[in-house]
Novice: 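A single structure is presented below for examination.
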Amino acid sequence: MTKTVLVVGTFDTKGQEYEFCIDVIKGRGLNTISMNAGIMGEPSFTPDISAEAVAEAGGTTLQALRDGNDRGTAVVAMSQGAAKLAAKLVEEGKIDGAFSMGGTGGSSLAAAVYACFR
């Protein structure tokens with residue numbers, strides 16, 4: 001049975017890098033589910049899970065986060081939403097692991113998602 005990796009990150013600012021990583025993961029014979037947690041703009045590719053869905057799972061809307069223009073609030077909301085969606089995927093047996101990358105915001109996002117694998 002082929003394993004599936006959740007790839008979660010800010011595809012609006014690091015889309016090319018994530019596309020590269022997704023290609024590498026798939027090249028190793030694994031499946032991927034991509035989740036966009038970027039709020040600044042449109043992703044460079046179409047993710048499996050949109051930023052709108054992540055924001056809604058985090059208790060807000062993507063537009064509200066954009067309008068608020070507060071990075072800290074956005075990181076918290078998107079981390080909570082990503083973790084909630086990831087936990088559901090784990091519970092349903094749809095993912096076997098996760099991958100993310102980035103700076104402080106990306107690390108916070110990743111930590112919230114990785115905690116779903118306890």
Side-chain angles (χ1 to χ4, degrees):
M1 178 201 267
T2 303
K3 302 289 185 177
T4 300
V5 177
L6 175 66
V7 178
V8 58
T10 54
F11 299 164
D12 55 346
T13 59
K14 295 176 184 64
Q16 290 179 332
E17 293 85 350
Y18 275 104
E19 282 184 280
F20 173 81
C21 292
I22 288 169
D23 287 344
V24 169
I25 292 166
K26 287 181 176 180
R28 300 284 189 243
L30 301 168
N31 296 319
T32 62
I33 295 175
S34 58
M35 181 189 296
N36 181 23
I39 68 151
M40 296 176 63
E42 297 306 312
S44 62
F45 64 96
T46 303
D48 297 307
I49 302 170
S50 69
E52 290 87 353
V54 176
E56 288 175 17
T60 188
T61 66
L62 184 58
Q63 192 60 52
L65 293 174
R66 287 178 175 168
D67 291 346
N69 198 30
D70 183 323
R71 184 173 188 264
T73 298
V75 168
V76 169
M78 296 304 272
S79 294
Q80 290 173 346
K84 184 175 181 181
L85 294 173
K88 183 176 184 215
L89 291 169
V90 168
E91 182 180 309
E92 294 171 349
K94 292 183 178 177
I95 58 173
D96 302 288
F99 171 83
S100 188
M101 62 182 169
T104 56
S107 297
S108 295
L109 178 72
V113 170
Y114 297 158
C116 298
F117 292 94
R118 297 185 226 177

Novice: Less than 4.5 Å apart, any side-chain heavy atom of F117 and any of I95?
Specialist: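 Answer yes - side chains close enough.
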Novice: Answer with yes or no whether the hydrophobic clustering places L30 together with V7; edges join I, L, V, M, F, W, Y residues whose side-chain heavy atoms lie under 4.5 Å apart.
Specialist: yes
Novice: Would you say S100's side chain and G9's backbone share a donor-acceptor pair under 3.5 angstrom?
Specialist: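 Not at all, since once roles are kept as given, no pair shorter than 3.5 Å links the two residues.
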Novice: Between A112 and A83, what is the shortest heavy-atom contact and its length?
Specialist: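 Between these two residues, the closest heavy atoms are O-CB, 3.5 Å.
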Novice: With rounding to the nearest 0.5 Å, note down the distance linking CG in N36 to CD in E52.
Specialist: 8.0 Å
Novice: Do the side chains of L85 and V90 join up, straight or via other hydrophobic residues, at under 4.5 Å, putting them in one cluster?
Specialist: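 L85 clusters together with V90.
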Novice: Which heavy atom in G15 sits nearest to a heavy atom in F45, and how many Å separate them?
Specialist: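 Scanning both residues completely, I find the closest heavy atoms to be O-CE2, 3.7 Å.
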Novice: To the closest 0.5 Å, what do you measure between OG1 (T10) and OH (Y18)?
Specialist: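 Answer for the OG1-OH pair, T10 versus Y18, is 5.5 Å.
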Novice: Check the hydrophobic clustering (I, L, V, M, F, W, Y; side-chain heavy atoms under 4.5 Å; chains of links allowed) and say if M101 and F11 are grouped together.
Specialist: yes
Novice: If we ignore hydrogens and angles and just use 3.5 Å, is the side chain of D12 paired with the main-chain N or O of G41 as donor and acceptor?
Specialist: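 Flag set: sc D12 to bb G41 pair under 3.5 Å.
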Novice: Any side-chain to backbone donor/acceptor pair from S34 onto D48? Under 3.5 Å, distance only.
Specialist: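 Yes.
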Novice: Quick check: closest heavy atoms across K94 and I33, and the distance to 0.1 Å?
Specialist: O-CD1, 4.1 Å
Novice: Write down the atom of A82, the atom of V113, and the distance for their closest heavy-atom approach.
Specialist: CB-CG2, 3.8 Å
Novice: Following the transitive rule for hydrophobic clusters with a side-chain heavy-atom cut-off under 4.5 Å over Ile, Leu, Val, Met, Phe, Trp and Tyr, establish whether I39 and V8 coincide in one cluster.
Specialist: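 Per the 4.5 Å side-chain linkage, I39 and V8 are co-clustered.
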Novice: Do the side chains of V75 and L109 get nearer than 4.5 Å, heavy atoms only?
Specialist: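 The answer is no, as the side chains (C-beta and beyond) never meet within the 4.5 Å cut-off.
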Novice: Supply the atom-to-atom distance S108 OG to Q80 CD, rounded to the nearest 0.5 angstrom.
Specialist: 11.5 Å
Novice: Side-chain contact test, heavy atoms from C-beta onward, threshold under 4.5 Å: evaluate it for L89 versus I49 and give yes or no.
Specialist: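 Side chain of L89 against side chain of I49, heavy atoms only: contact under 4.5 Å found.
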Novice: I need the minimum non-hydrogen distance between D96 and K3, along with the two atoms involved.
Specialist: OD2-CA, 3.2 Å
Novice: Out of curiosity, M78 CE to L62 CG, how far, rounded to the nearest 0.5 Å?
Specialist: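 M78 CE to L62 CG: 6.0 Å, rounded to 0.5 Å.
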Novice: Show the nearest heavy-atom pair for residues A87 and C116, with the distance to one decimal.
Specialist: N-SG, 3.6 Å
Novice: Is the closest basic N to carboxylate O distance between E19 and K26 below 4.0 Å?
Specialist: no
Novice: For D67, look at atom CG and say whether over 12 heavy atoms of other residues, nucleotides or ligands are found less than 6.0 Å away.
Specialist: yes
Novice: Between M40 and L65, is there a shared hydrophobic cluster once you connect ILVMFWY residues whose side-chain heavy atoms come closer than 4.5 Å?
Specialist: yes
